[in-house]
Amino acid sequence: QVVYNSLLSLYLDCGCFEDVIQVFDSMPHRNVVTWNSLIAGLVQRWRMFEAFEMFKKMQGEGIGFSWVTLTTILSVCARVTAFYSGKEVHVQIVKSSGKADVLVLNSLVDMYAKCGAMDYCVRVFDAMHGKDVTTWNTVLRGYAISGCMIEAIELFNEMIDTGYSPDGVTFIALLSGCSHAGLTTEGRYLFDKMRVDFGITPTLVHYACLVDLLGRAGEIKEALEIVKNMPMKPS
RNA sequence: UCCCGUUUAAUG
C-alpha cells in the first residue's frame, strides 16, 4: 500500500495528471493517504471544485478522513472563500475524537481569516494550545487582509511579548499590510526592525513589499534607489 | 531518518 501511495505521489510531482488518475483507479486498495494525496494534487493544480467533490466521494465511500484531509479541505475553503463549507469542517473537527493537531487548526484559522471572518478566526486562535509561528503569521495576515493594521501590529507585539520569534513570513504580512493601509512610516520602520532587531535577511519578496509601499506613497525616487541597491536582481 | 496536509509581495 505504501509503495502504491509513493508511486502516486511520484506521478503527482511529475505533473501528468491523467496518469495520476490512471494510477489511482488501478490501485488494488485505496486508503486515507491515497485519497489525501489525490486531493492535494488537485489543490496544487487549483482544481478546487474537483478537490471538494473528491472529499465528498471519499466520505460517500466510507473511507473517513484524517487531520491531513481536513487540513487540505480547509485550504480549499480558504482559497475559494467558502465560509459555510469551512464552518462545516470546523464542526467535524469539534465532533472528532482526539485533539486536533496544530496544522489542521492553523488551516482552520487561515480559512476564517481568508473569509474575512476575523471574529471566528480570533476565537479559534485564542482557544488554541501549542501555537506556532505559522499560527501567529496566519492571524496577522488575516488582519492585514481585513485592513486592520492596528490590530495586526498589536498582535505582533503580543507575539514578541509571549516569546515567539517572528520569521520572514511575519514581516511579509506586516509590510504588505502597511503598504495597503498607507502606513509608509510604519512600514519603513518595520523593514529596518526586521534586520536590526530580529536579524532576518530580507528576501526579494521583502524588497518587493518595501518598493510597493514606497511606490504607493509616491516616493518613486526612493523606491528606484532600493531596486538599484538591493542585493539581488529584481523580478 | 521510507506515502498525504497549514501561513508567503504587487499587478491583472
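Lettering follows sequence order; numbering is per chain, from 1.
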Distance check, rounded to the nearest 0.5 Å: A:C115 atom SG versus A:Y120 atom OH?
11.0 Å
Spatial distance of atom CG (A:L175) from atom OH (A:Y207) [nearest 0.5 Å]:
11.5 Å
Atom [atom1] of [X]: over 12 foreign heavy atoms under 6.0 Å:
X	atom1	result
A:F191	CZ	yes
A:Q22	CD	no
A:I150	CD1	no

Hey, can you tell me if A:W136 and A:Y164 have their rings parallel, tilted or perpendicular (30° and 60° cut-offs)?
tilted
For [X] and [Y], indicate whether the former's side chain and the latter's backbone hold a donor-acceptor pair under 3.5 Å.
X	Y	answer
A:Q59	A:G64	yes
A:S66	A:V68	yes
A:S37	A:V33	yes
A:R47	A:V43	no
A:H180	A:G147	no

Under the side-chain hydrogen bond (donor to acceptor under 3.5 Å, both in side chains) test, residues paired with A:D167 that sit two or more places apart:
A:N137, A:T170
Would you list the pairs meeting ring-ring contact (aromatic ring centres under 6.0 Å, His included) in which at least one residue belongs to residues 26-52 of chain A, sequence neighbours left out?
A:F24-A:W35
Give, ordered by number, those residues of [range] having at least one heavy-atom distance below 4.0 Å to an atom of RNA chain B; if nothing qualifies, reply none.
range	answer
residues 121-141 of chain A	A:T134, A:N137, A:T138, A:R141
residues 198-214 of chain A	A:V205, A:A208, A:C209, A:D212
residues 149-173 of chain A	A:V169, A:I172
residues 41-73 of chain A	A:W67, A:V68, A:T71, A:T72
residues 227-235 of chain A	none

Boundaries of the RNA chain B segment in contact with chain A, non-hydrogen, under 4.0 Å:
B:C3 to B:U11
Cluster question for you: counting only ILVMFWY and a side-chain heavy-atom cut-off of under 4.5 Å, with indirect links fine, are A:V227 and A:M232 together?
yes
Shortest non-hydrogen contact from A:V76 to A:A51?
CG2-CB, 4.1 Å
What is the nucleic acid contact for A:D101, judged by heavy atoms within less than 4.0 Å: base, sugar-phosphate only, or nothing?
base
Donor-acceptor list for residues 154-162 of chain A side chains, cut-off 3.5 Å, not counting sequence neighbours:
residue: A:N157; atom: ND2; partner: A:I153; partner atom: O; Å: 3.2
residue: A:T162; atom: OG1; partner: A:E158; partner atom: O; Å: 2.4

The single option from A:L70, A:V89, A:T69 passing side chain to side chain contact (heavy atoms under 4.5 Å, CB included) against A:V104:
A:L70
Pairs meeting criterion salt bridge (charged side-chain N to carboxylate O under 4.0 Å, His left out) with involvement of residues 180-208 of chain A, two or more places apart
A:R188-A:E222, A:D192-A:R195, A:K193-A:D197
Looking only at side-chain N and O atoms, does A:T138 offer a donor or acceptor that is under 3.5 Å from a partner on A:N106?
no
Where RNA chain B forms runs of at least three Watson-Crick or G-U pairs (i with j, i+1 with j-1, under 3.5 Å), the stems are none
For A:V205, what are the other residues in its hydrophobic cluster, where any two members join if their side-chain heavy atoms are less than 4.5 angstrom apart?
A:I172
